[in-house]
Amino acid sequence: MSPFFYCLLLVPLLGLSAGAVGEPLNEPLKPLPAAPEQNPQRVELGRQLFNESRLSVNNSLSCASCHHLENGGADDKAFSIGFNGQPVTINTPSVFNASLNFRQFWNGRADTLETQVHTVVQSPGEMGSNWEHVVQTLSADPAYHRAFVNAYPDGVTQLNVQNALATYERTLLSANSRFDQYLKGNTDILTTEEKYGYQRFKDYGCITCHQGVNIGGNMFQKFGVMGDYFKARGNPTETDLGRYLVTKDEEDRNVFKVPSLRNVAVTAPYFHDGSAKTLEDAVDVMFTFQLGRIPSADDKGLIIQFLKTLTGEWEGKPL
């Protein structure tokens with residue numbers, strides 16, 4: 001085979017185009033959609049509530065306390081600190097692009113963002129509050145009272161607090177990652193190594209679970225398909241039971257929502273237990289316990305380079 005012919009074969013693999021520059025690529029992964037149109041008053045109210053520590057019972061904790069928008073929408077700790085000063089029992093996932101997940105929480109116990117808000121506010125380990133207290137507190141604040149009346153006909157209610165927060169969260173899409181730009185047709189935006197990394201991501205089967213527009217977040221999967229992750233890690237906890245805690249179905253033991261890989265390079269530590277401190281550690285665990293394969297050092301490095309292209313932007317700045 002001539003070198004020229006070999007190069008022609010590489011064109012579709014690398015996304016290099018000799019005349020189709022600017023046309024969206026026909027790939028199984030798709031770029032993020034535009035944020036949906038939302039009521040601006042409700043968005044702004046939700047933004048304020050997202051940063052409001054009075055949602056917690058002792059005024060110590062807001063949504064932003066654990067979901068750091070400047071750090072990929074997650075926490076840099078394995079376990080966030082609850083209102084009582086104690087760590088929670090499960091790793092905080094990113095709030096960015098959460099609206100695109102088919103369920104909320106690692107075990108999928110909430111089917112909407114509103115339900116997720118409802119649960120966290122009342123959680124004895126997180127905000128430790130109750131809705132009567134929250135509604136009374138916000139109603140007594142003249143600024144909030146005005147804002148709610150302007151945004152909702154019935155003013156401050158439990159459902160309206162939940163909706164305002166969820167409305168704001170639906171605007172938290174981390175658009176314009178380099179990979180999204182690549183999918184939209186800017187094939188020069190990725191390096192050759194990053195394109196090869198994407199190909200390895202598909203070849204090894206990572207895309208089987210990390211699929212869809214959120215590159216995850218749209219299915220459940222057992223943690224430890226090809227080996228007993230929890231036995232290898234040791235010190236089992238109740239949260240390791242995953243979806244089983246919701247369904248009590250033995251088939252759901254150690255089953256979790258597959259996390260989105262968007263912004264994965266800036267949301268360490270990883271997994272529900274926060275056990276993987278680096279992206280390299282996380283990739284090793286996935287190969288060992290989900291794929292049952294040992295990649296070459298080169299392939300692992302290429303995949304990591306690809307994963308770093310999934311970091312998007314917020315308010316025009318890279319996460």
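Numbers here are sequence positions counted from 1. Not measured: the values here are computed from a predicted model.
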Identify whether the distance between the nearest side-chain nitrogen and carboxylate oxygen of Glu194 and Arg178 falls below 4.0 Å.
yes

For Asp252 and Thr247: C-alpha separation, side-chain torsions, deciding distance, then whether side chain to side chain donor-acceptor pair (under 3.5 Å) applies.
CA-CA 7 Å; Asp252 286 333; Thr247 67; 2.7 Å; yes

Gap separating the CZ atom of Phe287 from the SG atom of Cys206, nearest 0.5 angstrom:
5.0 Å

Assign the ring pair His210 / Phe201 to parallel, tilted or perpendicular, where the plane angle (0 to 90°) is split at 30° and 60°.
tilted

Arg170 with Glu114: basic N within carboxylate O range, under 4.0 Å:
yes

Quick one: does Asn150's side chain have a donor or acceptor within less than 3.5 Å of a partner on Arg146's backbone?
yes

Looking at every heavy atom in both Val121 and Leu55, which two are closest together, and how far apart are they?
CG1-O, 4.0 Å

Does any donor atom in the side chain of His272 or Asn107 lie under 3.5 Å from an acceptor atom in the other side chain?
no

Arg200/Asp299 ion pair, N-O < 4.0 Å:
yes

Does a side chain donor of either Asn97 or Ser174 reach within less than 3.5 Å of an acceptor in the other side chain?
yes

Salt bridge (Lys or Arg N to Asp or Glu O under 4.0 Å) partners of Lys308, counting only residues at least two apart
none

Test: Asp228 and Arg233 ion pair at under 4.0 Å
no

For the side chain of Lys277 and the backbone of Ala268, is there at least one donor-acceptor N/O pair under 3.5 Å apart?
no

I'd like to know if Leu172 and Val266 are part of one continuous hydrophobic network [Ile/Leu/Val/Met/Phe/Trp/Tyr, side-chain heavy atoms within less than 4.5 Å].
yes

Cation-pi between Lys202 and Tyr204: NZ/CZ under 6.0 Å from ring centre and within 45° of the ring axis?
no

What residues form a side-chain hydrogen bond (donor to acceptor under 3.5 Å, both in side chains) with His68, not counting sequence neighbours?
Asp75

Report yes or no: is the cationic atom of Arg253 (NZ for Lys, CZ for Arg) closer than 6.0 Å to the six-membered ring centre of Tyr244, at no more than 45° off its axis?
yes

Any donor-acceptor pair under 3.5 Å from Lys195 side chain to Asp188 backbone:
no

Output yes when a side-chain donor or acceptor of Ser56 lies under 3.5 Å from a complementary backbone atom of Ser60, and no otherwise.
yes

I'd like to know if the side chain of Asn101 pairs up with that of Asn214 as donor and acceptor (distance under 3.5 Å, no hydrogens or angles considered).
yes

pair Glu280-Ile304: side-chain heavy atoms closer than 4.5 Å
yes

Under 3.5 Å, is there a donor-acceptor pair between the side chain of Gln290 and the main chain of Lys222?
yes

Other residues, nucleotides and ligands only: do more than 12 of their heavy atoms fall within 6.0 Å of CD on Glu70?
yes

Is the shortest side-chain heavy-atom distance between Thr267 and Asn71 below 4.5 Å?
no

Are the side chain of Gln48 and the backbone of Leu45 linked by a donor-acceptor contact shorter than 3.5 Å?
no

Listed partners of Asn91 passing side-chain contact (heavy atoms from CB on, under 4.5 Å), at least two apart
Trp106, Pro269

Using modelled atom types only, decide if a donor and an acceptor are shared between the side chain of Tyr152 and the backbone of Ala164 within a distance under 3.5 Å.
yes

Could you check if a side-chain atom of Gln86 sits within less than 4.5 angstrom of a side-chain atom of Ile81, using non-hydrogen atoms only?
no

If you round to the nearest 0.5 Å, how far is OG1 of Thr192 from CD of Gln305?
10.5 Å

Does Arg109 have any salt bridge (Lys or Arg N to Asp or Glu O under 4.0 Å) partners at least two apart in sequence or in another chain, and if so, which?
none

Around Asn26, counting heavy atoms of other residues, nucleotides and ligands shown, do more than 12 lie under 6.0 Å from its CG?
no

Taking Asn176's backbone N and O only, do any of them form a donor-acceptor pair with Gln181's side chain (distance below 3.5 Å, no angle check)?
yes

Regarding Asn263 and Thr311, is there a side-chain donor-to-acceptor distance under 3.5 Å anywhere?
no

Looking at Gly205, is its backbone amide N or carbonyl O close enough to the side chain of Thr208 to form a donor-acceptor pair, meaning the two atoms are under 3.5 Å apart?
yes

Can a donor-acceptor pair be found, under 3.5 Å and without considering hydrogens, that links the side chain of Asp273 to the backbone of Ile90?
no

Sequence neighbours excluded, which residues qualify as side-chain hydrogen bond (donor to acceptor under 3.5 Å, both in side chains) partners of Lys300?
Asp284

Distance-only check: which donor-acceptor pairs under 3.5 Å involve side-chain atoms of residues 134-143, not counting sequence neighbours?
unit_1	atom_1	unit_2	atom_2	d
Thr137	OG1	His133	O	2.8
Ser139	OG	Val135	O	2.7
Asp141	OD1	Ala143	N	2.9
Asp141	OD1	Tyr144	N	3.2
Asp141	OD2	Arg54	NH1	3.3
Asp141	OD2	Arg54	NH2	3.0

Looking only at non-hydrogen atoms, find the nearest pair between Thr239 and Thr237 and report the distance.
OG1-OG1, 3.0 Å

Using a 4.5 Å cut-off on heavy atoms from C-beta on, say whether the side chain of Phe148 contacts that of Gln41.
no

